[in-house]
Amino acid sequence: MDEWTPVTIYTDGACIVNPGPGGYAAVLLSGAGRKELSGGRRLTTNNRMELLAAIVALEALKWPCRVTVHSDSRYLVDAIMKGWAYRWRANGWKRNRDAYAVNTDLWERLLAACAKHGVEFLWVRGHAGHVENERCDALSAAAALADELPADRGYEEQQAKRAAEAKLFE
């Protein structure tokens, strides 16, 4: 893996209200190269935007790389680095005997993206003055405010399913 290109990625996700309009952003750095990515969804959650930021960044890489992803989301970092997401998938997306994991559509994409690279996730304190983390924060907040955001189909389908299940007992 030493011959793999080293890449450093910073990510962030934001929601105007949670749930509500959301944005994600990533800054990718490799050698002298720099790329900024951002986008948003009209109805989503902050956690989904944190995941999507990492997914979009990893999916943008053209070949296998040695990647360090910096995120201020404990949800994202711990689920990968502590192996939770891998266990949830192995257990049919169950977190434990009684509870299912949420955002499984995005966890599937993230795990697939991670499998193509050597990836380490590191937690960075948010709003602590780190230049690249602050840049991602600004980009994701701006993306959440954009006009005509696309749907977060995974979230909206999840909400429709929950509403249908609730009506079952009315």
Side-chain angles (χ1 to χ4, degrees), residues 9-28 35-61 67 69-117 119 121 123-124 126-127 133 135-170:
I9 297 174
Y10 292 86
T11 65
D12 200 15
C15 270
I16 304 304
V17 293
N18 197 24
Y24 64 86
V27 173
L28 293 78
K35 184 171 189 154
E36 294 182 351
L37 304 169
S38 64
R41 297 294 182 266
R42 70 178 174 220
L43 178 62
T44 191
T45 66
N46 189 71
N47 280 343
R48 289 184 65 81
M49 292 297 93
E50 296 282 1
L51 288 166
L52 194 54
I55 291 165
V56 168
L58 290 169
E59 288 178 349
L61 300 174
V67 183
V69 178
H70 299 262
S71 172
D72 63 5
S73 169
R74 287 275 189 201
Y75 174 68
L76 169 62
V77 173
D78 288 350
I80 295 295
M81 296 309 294
K82 293 183 178 182
W84 302 341
Y86 297 98
R87 279 195 302 277
W88 298 337
R89 182 176 62 183
N91 292 329
W93 293 109
K94 288 193 90 173
R95 288 185 9 239
N96 56 47
R97 196 167 31 127
D98 301 318
Y100 282 90
V102 295
N103 304 319
T104 57
D105 59 323
L106 295 180
W107 285 116
E108 281 283 5
R109 275 181 69 190
L110 181 59
L111 294 179
C114 286
K116 296 175 184 175
H117 307 283
V119 184
F121 284 76
W123 181 75
V124 59
H127 310 287
N133 182 257
R135 178 68 179 150
C136 287
D137 184 65
L139 288 169
S140 62
L145 294 169
D147 292 330
E148 300 182 32
L149 292 171
D152 180 344
R153 281 185 244 134
Y155 180 74
E156 292 183 13
E157 289 171 8
Q158 182 181 50
Q159 293 306 106
K161 180 180 176 187
R162 285 185 181 154
E165 290 170 348
K167 286 183 181 181
L168 178 66
F169 301 110
E170 288 180 351

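All values derive from a computational prediction rather than experimental measurement.
- If you take OG1 on T44 and CG on L149, they are separated by 10.0 Å, rounding to the nearest 0.5 Å.
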Before giving the answer on side chain to side chain contact (heavy atoms under 4.5 Å, CB included), spell out for R48 and Y24 the whole-Å C-alpha distance, their side-chain angles and the decisive distance to 0.1 Å.
CA-CA 9 Å; R48 289 184 65 81; Y24 64 86; over 6 Å; no
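- I80 is listed as a side-chain neighbour of W107, based on a closest heavy-atom distance under 4.5 Å.
- Put simply, the side chain of W93 never gets that close to the backbone of W88: no donor and acceptor are under 3.5 Å apart.
- Among all heavy-atom pairs drawn from A14 and M49, the shortest one is O-CG, 3.7 Å.
- In this structure, CG on L52 lies 12.5 Å from CG on N47, to the nearest 0.5 angstrom.
- Using cut-offs of 30° and 60° for the angle between ring planes, the H70 and Y10 rings count as parallel.
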Requested in this report: Apply side chain to side chain contact (heavy atoms under 4.5 Å, CB included) to the pair K116 and L61, showing each step before the final yes or no.
Outcome: CA-CA 10 Å; K116 296 175 184 175; L61 300 174; over 6 Å; no
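- The minimum heavy-atom distance linking A54 with L76 is given by the pair CB-CD2, 4.0 Å.
- Considering every non-hydrogen atom in both K94 and Y100, the closest pair reads CG-CE2, 3.3 Å.
- The shortest distance between side-chain heavy atoms of W123 and D78 does not fall below 4.5 Å.
- Rounding to the nearest 0.5 Å gives a distance of 5.0 Å between CG of N133 and CG of D72.
- Contact of the R42 side chain with the P150 side chain is not registered, since no non-hydrogen atoms from C-beta on lie closer than 4.5 Å.
- Within 6.0 Å of CG on D98 lie more than 12 heavy atoms contributed by other residues, nucleotides or ligands.
- To the nearest 0.5 Å, atoms CG (L43) and SG (C15) are separated by 8.5 Å.
- To the nearest 0.5 angstrom, D105 atom CG is 11.5 Å from L110 atom CG.
- Side-chain atoms of I9 and L58, non-hydrogen and from C-beta on, do get closer than 4.5 Å to each other.
- The two residues Y86 and C114 come nearest to each other via the heavy atoms OH-CB, 4.1 Å.
- Nearest approach of P21 to A144, heavy atoms of both residues: CB-O, 3.6 Å.
- The line from CG of L106 to OH of Y155 is 12.5 Å long, rounded to the nearest 0.5 Å.
- Taking 4.5 Å as the limit, some side-chain heavy atom of E36 sits within range of a side-chain heavy atom of R135.
- S73 and S71 make their closest contact through N-OG, 3.0 Å (heavy atoms, listed as atom of the first residue, atom of the second, distance).
- The number of heavy-atom neighbours closer than 6.0 Å to NZ of K35, taken from other residues, nucleotides and ligands shown, is 12 or below.
- Judged by the 6.0 Å distance and 45° axis criteria, R95 is not positioned over the aromatic ring of W84.
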